[in-house]
Amino acid sequence: MEPDLDEIELDLFVEALRRRHGYDLSQYARASLKRRVQGLVRQHGLAHIGELTSRTLRDASFLPQVIEGLSVPVSEMFRDPFVFAALRTKVFPTLASYPSINIWQAGCAHGEEVYSLAILLEEAGLYDRSQIYATDFSDAALARAREGIFPAREARAASQRYQQAGGTRTLADYYHARYDLVKLDESLCRNVVFANHNLATDGVFCEAHLILCRNVLIYFNNALQDRTLLLFADSLVRGGFLCLGTKENLALASAASSFAAVDGPARLFRSVRAT
């Protein structure tokens, strides 16, 4: 059988990105990675993946565009509002027992869930003693997240989800609308640190009472999912909470014994490690 040139070129691209720039995507879900790489080829008017590899190797200024194209910054404020409702009722009461609270939002994309969390913490009276560490491996996504600017057309649906999540005010209290954009109140960022962190290669980021990593693991293969979940287990304080995406689970993961389910549909878990 004749070798698949696209597969060979994809392998070479992944190896070039790792050796030249230190980004290891070898354990990302293959089909999803291939779609994103081919999307970069089309976006930049290249003939094939080999041309993308050559430009990535030789043009350092091109790297941010590559990383932005490989990331999946798809989110929305109060996505799956029942998850945020579960955080408010089943996690916040425990967080309230700590004098200070560390929260790690891993894979924060453009920051929609970071701001959602900040709003609910504010309404629960917990935000002033909370520190949210919002991380992503894409500097472009982090820059967008820091701005806190989103299309106004998304505001109505976001407002409905906010109410469904148990919001006690109106979402409009937290943003300023101008033309076709809304900018979230800068006070929501006062306790947020945005930072670059790669779940595929980097280590423990902070000691956290709550970690949210929603709809990120679905883009990893089993080995990288295991690595990431073990990283989260090592990062959580004893009794800390982990929130995954609604299509994600850890039942078959190496770290499964480190967690107990708190809310199955909301994919909420609690650390039960011995030390």
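Please read these numbers as outputs of a predicted model, since none were measured by experiment. Only heavy atoms go into these numbers, but all of them, side chains included; no hydrogens, no water, no symmetry mates.
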task: Using a strict 4.0 Å threshold on nitrogen-to-oxygen distance, state whether Arg30 and Asp11 make a salt bridge.
output: yes
query: Charged N to carboxylate O under 4.0 angstrom, Glu122 versus Arg190?
result: yes
task: Sort out for me which residue in Arg20, Arg19, His21 forms a side chain to side chain contact (heavy atoms under 4.5 Å, CB included) with Leu57.
output: Arg20
message: Is a donor from one side chain sitting under 3.5 angstrom from an acceptor on the other, for Trp104 and Ser235?
response: no
- line: Of all heavy-atom pairs linking Phe92 and Arg88, the shortest is CB-O, 3.4 Å
query: More than 12 foreign heavy atoms under 6.0 Å from CZ of Arg161: is that the case here?
result: yes
field: Ser187 side chain to Asp185 side chain, donor-acceptor N/O pair below 3.5 angstrom
entry: yes
- request: Please test Phe269 against Phe241 for ring-ring contact (aromatic ring centres under 6.0 Å, His included), starting from the C-alpha separation and ending with a verdict.
  value: CA-CA 6 Å; Phe269 305 90; Phe241 295 90; over 10 Å; no
- prompt: Under 3.5 Å, is there a donor-acceptor pair linking the side chains of Asn196 and Asp139?
  reply: yes
Distance (rounded to the nearest 0.5 Å) between Glu248 CD and Leu217 CG: 4.5 Å
query: CZ/Phe205 to CG/Asp202 distance, rounded to the nearest 0.5 angstrom?
result: 9.5 Å
statement: In this structure, CG of Leu210 is separated from CG of Leu236 (nearest 0.5 Å) by 8.0 Å
statement: Distance col, row Leu224:CG vs Leu199:CG, nearest 0.5 angstrom, shows 7.5 Å
task: Determine the interplanar angle of the Phe194 and Tyr115 rings, folded into 0 to 90°, and report it as parallel if under 30°, tilted if 30 to 60°, perpendicular if over 60°.
output: tilted
query: Hey, do the aromatic rings of His110 and Phe150 have their centres closer than 6.0 Å?
result: no
field: Residues which pass side chain to side chain contact (heavy atoms under 4.5 Å, CB included) with Leu181, listed by chain and number, not counting sequence neighbours
entry: Ile149
- prompt: Quick one: hydrophobic cluster around Tyr179, which other residues, with the 4.5 Å side-chain cut-off, linked directly or via members?
  reply: none
Glu123: partners by side chain to side chain donor-acceptor pair (under 3.5 Å), with sequence neighbours left out: Tyr162, Thr168, Tyr174
Shortest non-hydrogen separation from Leu17 to Leu25 and the atoms involved: CD2-CD1, 3.6 Å
message: So, using side chain to side chain contact (heavy atoms under 4.5 Å, CB included) as the criterion, who are the partners of Asp226 when residues are at least two apart?
response: Ala253, Ser254
query: When Arg214 is tested against each of Glu76, Glu112, Glu113 for salt bridge (charged side-chain N to carboxylate O under 4.0 Å, His left out), which residue passes?
result: Glu113
message: Assess whether a salt bridge exists between Asp24 and Arg18, defined as any Lys/Arg side-chain N lying under 4.0 Å from an Asp/Glu carboxylate O.
response: no
message: My understanding is that only residues two or more places apart in sequence, or in another chain, count here; which of them pass ring pair (Phe, Tyr, Trp, His ring centres under 6.0 Å) with Tyr28?
response: Phe220
message: Is the distance between the ring centroids of Phe137 and His197 under 6.0 Å?
response: no
message: Test of understanding: with ring pair (Phe, Tyr, Trp, His ring centres under 6.0 Å), list the residues that count as partners of Phe84, not counting sequence neighbours.
response: Phe78
- line: Closest non-hydrogen contact found for Arg270 with Gly239 is NE-O, 2.6 Å
query: Shortest non-hydrogen contact from Leu268 to Cys243?
result: CD2-CB, 3.8 Å
